[in-house]
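Order of the sequence lines sets the chain letters (A, B, ...), proteins ahead of strands, with each chain counted from 1.
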Protein chains: 2
Amino acid sequence: MTDNDARKSKSRRTREAIFIAARRRFAAHGYDGASVRDIAADAGIDPALVIRYFGSKDALFAEASDFKLDLPPLDSKMRGRAGEYMVQNFLDIWEGPDAGGAFTVLLRSAASNEAAAAKLREVFATQVIPSVAALAGTEGAQQRAGLITSHMLGLAMSRYILKLPPVVSMPPEMIVTHVGRAIQIYLDTPSDRL
Amino acid sequence: MTDNDARKSKSRRTREAIFIAARRRFAAHGYDGASVRDIAADAGIDPALVIRYFGSKDALFAEASDFKLDLPPLDSKMRGRAGEYMVQNFLDIWEGPDAGGAFTVLLRSAASNEAAAAKLREVFATQVIPSVAALAGTEGAQQRAGLITSHMLGLAMSRYILKLPPVVSMPPEMIVTHVGRAIQIYLDTPSDRL
DNA sequence: TGCTTTTGTCAACACGCGTTGATATTTGCT
DNA sequence: AGCAAATATCAACGCGTGTTGACAAAAGCA
């Protein structure tokens with residue numbers, strides 16, 4: 001047991017164990033496919049504790065699928081390369097140490113779970129659209145964001161959820177180059193030509 | 001009861017009623033969310049009949065999610081506009097009279113159901129890749145198909161499954177124009193620059 | 001040491017699920 | 001009409017689910 005762990009109260013540590021197990025299970029099997037009993041088993045505790053710590057399976061899922069995109073602000077120098085930059089950032093998030101994080105949880109369940117879908121729509125409205133607006137102007141930001149998200153979401157689905165073989169084995173640079181270019185076009189298209 | 005119906009044996013009609021109800025339920029709620037009892041209720045019959053006619057829920061789902069893309073062959077004249085053409089075709093399928101068909105069933109469940117995901121991968125391998133190869137050559141067809149599918153799949157997710165408002169309300173021509181152009185680029189990029 | 005609060009276990013509940021076999025009803029044929 | 005086959009109903013099974021409340025062990029504090 002590390003010092004770090006020792007400093008945490010026991011309750012905090014089990015709560016975290018449950019949370020981590022839940023995120024992994026939800027990310028791998030979706031909301032329906034991950035049972036409270038499975039999560040409890042992974043965390044090494046009794047199923048009843050899951051409920052005691054989080055109130056309900058729904059509440060646990062809500063917490064496990066909560067996240068912020070916080071796209072780092074764009075350096076003005078790379079205007080014109082914002083597309084590539086966004087895709088690179090996207091890959092970093094999905095393939096970084098926190099893979100299988102809240103985003104995976106959300107996307108895995110959103111297609112068959114209305115609550116998850118609603119949360120995803122909210123993320124889109126409150127985080128994606130404003131980002132795009134800051135980058136390419138308010139006018140037509142919703143359409144731009146819609147087109148960009150269509151591509152990014154499909155990329156995530158193909159590569160991380162459905163695991164289509166050619167998409168899985170594509171080198172990151174290739175994705176950055178080509179998808180980046182497509183997104184750049186969506187950013188650069190003048191509003192009156194949308 | 002129409003003549004058409006009258007000609008069908010009673011068993012055939014109930015089988016079809018079950019099938020239609022199943023496709024609707026699966027398309028709307030996914031594999032887990034659609035229960036045999038729900039489907040039976042929609043079809044106006046006993047749950048046991050569902051099993052007697054289809055063997056199991058799995059088998060019913062397999063049948064309800066089976067489909068062929070059969071993209072119409074490209075007229076050589078519209079080479080150079082193949083991207084727009086593909087997107088137009090895509091929209092026709094999704095928004096035509098058979099909306100909520102097998103494709104919706106599959107996509108709605110693929111994220112949280114491995115069998116559905118496998119079937120989607122199979123469609124991609126046996127129908128999408130060859131189509132792209134016929135259009136842009138064998139070389140790099142897998143990567144091209146991967147990039148194109150990333151965009152198309154994401155469009156389907158955004159517009160029909162998750163229903164992101166800006167994407168839902170986009171006029172078809174706008175989608176055809178912009179997404180079509182992105183796909184055209186994926187088709188036109190020389191193999192050695194992939 | 002004793003008492004209180006925290007943390008965890010256990011058994012059980014009510015429910016919905018897919019599926020089954022026995023039984024009833026309807027249909028088609030002679 | 002009467003028998004046989006096709007079609008549909010019903011009740012029940014075993015199972016897994018989320019959740020609950022009663023109880024047990026552990027920890028913190030006087």
**Fill in**
When rounded to the nearest 0.5 Å, the distance separating CE of A/Met170 from CG of A/Leu164 is 10.0 Å
**Request:** Can you measure from OG (B/Ser158) to CZ (A/Arg121) and round to the nearest 0.5 angstrom?
**Result:** 11.5 Å
For the pair made of [atom1] in [X] and [atom2] in [N], what is the distance, rounded to whole Å?
X	N	atom1	atom2	answer
B/Leu60	C/dG18	CG	P	11 Å
B/Ile18	D/dA8	CD1	C1'	10 Å
A/Ile51	C/dC10	CD1	P	17 Å
A/Arg13	D/dA26	CZ	C1'	13 Å
B/Asp46	C/dG21	CG	P	15 Å
A/Lys57	D/dT19	NZ	P	8 Å
B/Arg12	D/dA6	CZ	C1'	16 Å
A/Arg15	C/dG8	CZ	P	13 Å

**Prompt:** Got a sec: does the CD of A/Glu95 have more than 12 other heavy atoms crowding it under 6.0 Å?
**Reply:** yes
**Asked** Which sits closer to the 5' end of DNA chain C, B/Pro47 or A/Ile45, going by the nucleotide each is nearest to?
**Response** A/Ile45
Please check the phosphate of [N] (OP1 and OP2 only) for any side-chain N or O of [X] closer than 4.0 Å.
X	N	result
A/Ser35	D/dT17	yes
A/Thr14	C/dG8	yes
A/Ser11	C/dT6	no

**Message:** If you only use heavy atoms from C-beta on, which nucleotide in C/dT19, C/dC10, D/dG18 is closest to the side chain of A/Ala48?
**Reply:** C/dC10
**Message:** Using the side-chain heavy atoms of A/Leu49, tell me which of these nucleotides is nearest: D/dG21, D/dA8, C/dG8.
**Reply:** C/dG8
**Message:** Could you tell me if A/Ser191 and A/Arg144 have a donor-acceptor pair between their side chains, going purely by distance under 3.5 Å?
**Reply:** yes
**Message:** Main chain of B/Tyr31, side chain of B/Ser109: is a donor-acceptor contact present, judged purely on distance under 3.5 Å?
**Reply:** yes
**Asked** Is A/Tyr53 touching bases, backbone alone, or none of the nucleic acid, heavy atoms closer than 4.0 Å?
**Response** sugar-phosphate
**Asked** Under the 3.5 Å rule, do the base of C/dG18 and the side chain of B/Arg37 count as making a donor-acceptor pair?
**Response** yes
